[in-house]
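A, B, ... follow the sequence lines: proteins, then strands. Residue 1 opens every chain. All values below come from the heavy atoms of this structure, side chains included, with hydrogens, waters and symmetry mates left out. All values derive from a computational prediction rather than experimental measurement.
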Number of protein chains: 2
Amino acid sequence: MAVSNWNQGAEDMCPYRLVLEHVTSRWGVLVLIALEGRSHRFSELRRAIGRVSEKMLTQTLQTLERDGLVHRDAKPVIPPRVDYSLTELGREAAAQVRGLAAWTERRMADVQKARTAYDEARS
Amino acid sequence: MAVSNWNQGAEDMCPYRLVLEHVTSRWGVLVLIALEGRSHRFSELRRAIGRVSEKMLTQTLQTLERDGLVHRDAKPVIPPRVDYSLTELGREAAAQVRGLAAWTERRMADVQKARTAYDEARS
DNA sequence: CGGTATCCAAAAGGATACTG
DNA sequence: CAGTATCCTTTTGGATACCG
């Protein structure tokens with residue numbers, strides 16, 4: 001296990017920024033939003049999120065589980081079945097993230113317009 | 001200008017995720033929060049955020065400016081003076097980000113506790 | 001002061017192969 | 001199915017030097 005992993009390391013950053021970065025991380029955001037509606041199995045999450053590698057999804061889920069935002073329920077059956085859901089803490093975080101995501105959807109068109117204007121102004 | 005820059009490239013990602021990632025990016029979050037209170041000069045921002053390199057701050061500000069969230073006001077004086085502030089779009093985004101940051105501060109202790117429990121459970 | 005350009009180190013992230 | 005382990009590429013980010 002010599003893999004670079006944001007679970008460990010980063011002892012040099014204040015805990016505040018650390019939590020903020022887990023929650024706002026590329027895949028963290030999408031996992032929280034996906035799990036807000038209902039619990040998902042591992043492969044369901046992959047499909048729901050799209051274009052995420054197994055490695056990154058695993059890493060993200062482990063980080064969020066460690067932070068107490070995600071609950072992992074591994075059923076001892078064959079083939080294995082693992083369900084991920086949000087804890088109370090996770091639901092609170094997801095609500096915040098969802099606000100951000102909703103804003104993004106609402107305002108995306110304006111952002112795109114701003115970008116076009118910016119690019120044209122210096123071409 | 002062959003530097004890897006998230007302003008350009010990334011044509012392969014949907015615009016929704018792209019905007020979301022700018023707003024939730026490591027330095028984007030902190031810039032939006034810092035600018036929510038009042039406008040800042042470049043070096044003020046560096047001090048306010050702490051531990052951010054010139055390069056990353058510049059890059060972040062350019063991205064947010066291009067997205068129409070940040071307004072850049074460069075006064076033609078010597079020595080140069082540049083003030084950064086939020087646009088209306090930026091204030092909206094900052095309000096969302098602030099919700100997330102406030103939640104993080106409120107719940108940080110619980111997250112830390114969850115982590116300790118998680119780590120002890122498998123040591 | 002407020003940047004840009006360049007180089008380099010570190011981290012994130014993907015592909016593949018393998019396992020219980 | 002739900003991961004791990006390994007290798008490799010890409011991206012991020014810091015340090016430094018320089019410029020208008």
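Remark: B:R122 qualifies as a cation-pi partner of B:Y118 under the 6.0 Å distance and 45° angle criteria applied to the six-membered ring.
For the pair A:R107/B:L89, a side-chain contact is recorded, criterion being any heavy-atom separation below 4.5 Å from C-beta on. Proximity of A:V31 to A:V52: side-chain heavy atoms (C-beta onward) are nowhere separated by under 4.5 Å. Proximity of A:V70 to A:L86: side-chain heavy atoms (C-beta onward) are separated by under 4.5 Å at one or more points. For the pair A:V19 and B:R115, the minimum side-chain heavy-atom distance is below 4.5 Å. At a threshold of 4.5 Å between non-hydrogen side-chain atoms, the residues A:Q96 and A:E92 do not count as touching. Proximity of B:W27 to B:L61: side-chain heavy atoms (C-beta onward) are nowhere separated by under 4.5 Å.
Under the side chain to side chain donor-acceptor pair (under 3.5 Å) test applied with B:H22, the options B:D67, B:T63, B:T60 reduce to a single match, B:D67.
Take B:E44 and apply the side-chain contact (heavy atoms from CB on, under 4.5 Å) test, not counting sequence neighbours, and it matches B:R38, B:H40, B:R41, B:R47. Shown here are the side-chain contact (heavy atoms from CB on, under 4.5 Å) partners of B:P80, two or more places apart in sequence or in another chain: there are none. Checked against side chain to side chain donor-acceptor pair (under 3.5 Å), B:E36 has the following partners two or more places apart in sequence or in another chain: B:R98.
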Check nucleotides 16-20 of chain D against the protein and report each pair of N or O atoms closer than 3.5 Å, with its distance, or say if there are none.
none

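Atom CD in A:Q59 sits roughly 10 Å away from atom C1' in C:dA11 (whole-Å rounding). Across the protein-nucleic acid pair, B:R81 atom CZ and C:dG3 atom C1' stand 16 Å apart, rounded to whole Å. Taking atom CG of residue B:D73 and atom P of nucleotide C:dC1, one finds them 18 Å apart after rounding to whole Å. Atom-to-atom, CG of A:D83 to P of D:dC1 comes out at 14 Å; the value is rounded to the nearest Å. If you measure from atom CE of B:M56 to atom P of D:dT11, you get 14 Å, rounded to the nearest angstrom. Distance CG (B:L61) to C1' (C:dC1): 14 Å, rounded to an integer number of Å. Put simply, CH2 on A:W27 is 10 Å from C1' on C:dG14, counting in whole angstrom units.
For D:dT12, neither phosphate oxygen OP1 nor OP2 lies less than 4.0 angstrom from any side-chain nitrogen or oxygen of B:R26. Between B:Y84 and C:dC1 there is no side-chain N or O to OP1 or OP2 distance below 4.0 Å. Contact between the side-chain N/O atoms of A:Q62 and the OP1/OP2 oxygens of D:dT4 is found at a separation under 4.0 Å. In this model, the phosphate group of C:dA15 is not approached by any side-chain N or O of A:R51 to a distance below 4.0 Å at OP1 or OP2.
In the region residues 36-49 of chain B, proximity to DNA chain C at under 4.0 angstrom, judged on heavy atoms, holds for B:R41, B:F42, B:S43.
Between its two ends, the helix from C:dC1-D:dG20 to C:dG20-D:dC1 turns its axis by 50°, counting five pairs per end and rounding to 10 degrees.
In this structure, A:T104 contributes its side chain and B:L20 its backbone to no donor-acceptor pair below 3.5 Å.
With distances taken from any side-chain atom of B:P79 to the nucleotides C:dG3, C:dC1, D:dC1, the minimum falls on C:dC1.
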